[in-house]
Amino acid sequence: GLSIMDLGSGAGRDVYVLAQLAGKNGSVTGIDMTQEQIDVAIQHKGYHAEKFGFANVDFKQGYIESLDKVGLADNSFDVIVSNCVVNLSPDKEAVLREAYRTLKPGGEMYF
């Protein structure tokens, strides 16, 4: 299965869609800077696990410019996605540097 990260995951909608693409042996990690959004996303974990059969998601509160501070190791993800939040970052270079650091060799980023 794929290891996927969603930068700026918000309430988790894209994370739950990606969970189905990652498959039961894959995983999806959502990153958002606001704990309130993370809390909303976590509230829906049980529903999605029951409805779709995938309990392969995790959510972390943190900044996309400093993924190391939320404990994300080098070469951790096959795919990184971001639905427009990169545009909102005051330090886009740091975001791309962290994305590159956390992507596995041959990994891909979509935004």
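In this text, all values refer to a predicted model and were calculated from it rather than measured experimentally.
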Rounded to the nearest 0.5 Å, what separation is found between the [atom1] atom of [X] and the [atom2] atom of [Y]?
X: Asp6; Y: Phe77; atom1: CG; atom2: CZ; result: 10.5 Å
X: Met5; Y: Ile64; atom1: CE; atom2: CD1; result: 9.5 Å
X: Asp78; Y: Ile4; atom1: CG; atom2: CD1; result: 8.0 Å
X: Met33; Y: Glu65; atom1: CE; atom2: CD; result: 8.5 Å
X: Arg101; Y: Leu72; atom1: CZ; atom2: CG; result: 7.0 Å
X: Leu103; Y: Ser3; atom1: CG; atom2: OG; result: 10.0 Å

### Worked verdict on Asp39 versus Gln35 for side-chain hydrogen bond (donor to acceptor under 3.5 Å, both in side chains)
CA-CA 6 Å; Asp39 292 343; Gln35 188 60 49; 2.8 Å; yes
Following the transitive rule for hydrophobic clusters with a side-chain heavy-atom cut-off under 4.5 Å over Ile, Leu, Val, Met, Phe, Trp and Tyr, establish whether [X] and [Y] coincide in one cluster.
X: Leu2; Y: Leu21; answer: yes
X: Ile42; Y: Leu18; answer: yes
X: Val57; Y: Val17; answer: no

### Task
With side chain to side chain contact (heavy atoms under 4.5 Å, CB included) as the test, would you mind laying out the steps for Val95 and Leu7 before giving the verdict?
CA-CA 9 Å; Val95 173; Leu7 299 176; 4.2 Å; yes
Atom [atom1] of [X]: over 12 foreign heavy atoms under 6.0 Å:
X: Tyr100; atom1: OH; result: no
X: Lys92; atom1: NZ; result: yes
X: Lys104; atom1: NZ; result: yes

### Message
Determine whether Ile80 and Tyr110 satisfy the following criterion, side chain to side chain contact (heavy atoms under 4.5 Å, CB included), listing intermediate values before the conclusion.
### Response
CA-CA 6 Å; Ile80 296 175; Tyr110 299 94; over 6 Å; no
Spell out, as yes or no, whether a donor-acceptor pair under 3.5 Å connects the side chain of [X] to the backbone of [Y].
X: Lys60; Y: Asp32; result: no
X: Asn56; Y: Ala19; result: yes
X: Ser76; Y: Ala73; result: yes

### Task
Would you check if the distance from the ring center of Phe59 to the ring center of Tyr16 is below 6.0 Å?
yes
Over all atoms of both residues, closest heavy-atom pair of [X] and [Y]:
X: Ile31; Y: Leu67; answer: CG2-CD2, 4.1 Å
X: Ser9; Y: Ile38; answer: OG-CD1, 4.5 Å
X: Val15; Y: Gly30; answer: CG2-CA, 3.8 Å
X: Asp68; Y: Glu98; answer: N-OE1, 3.0 Å
X: Ser27; Y: Ala22; answer: N-CB, 3.9 Å
X: Ala11; Y: Gln37; answer: N-OE1, 3.5 Å

### Message
Walk me through whether Phe54 and Gln20 qualify under side chain to side chain contact (heavy atoms under 4.5 Å, CB included).
### Response
CA-CA 7 Å; Phe54 296 105; Gln20 296 174 57; 3.8 Å; yes
### Task
Evaluate the side-chain proximity of Gln61 to Val70: yes if any heavy-atom separation is below 4.5 Å, no if none is.
no
### Message
Classify the ring geometry of His48 against His44: parallel below 30°, tilted from 30° to 60°, perpendicular beyond 60°.
### Response
perpendicular
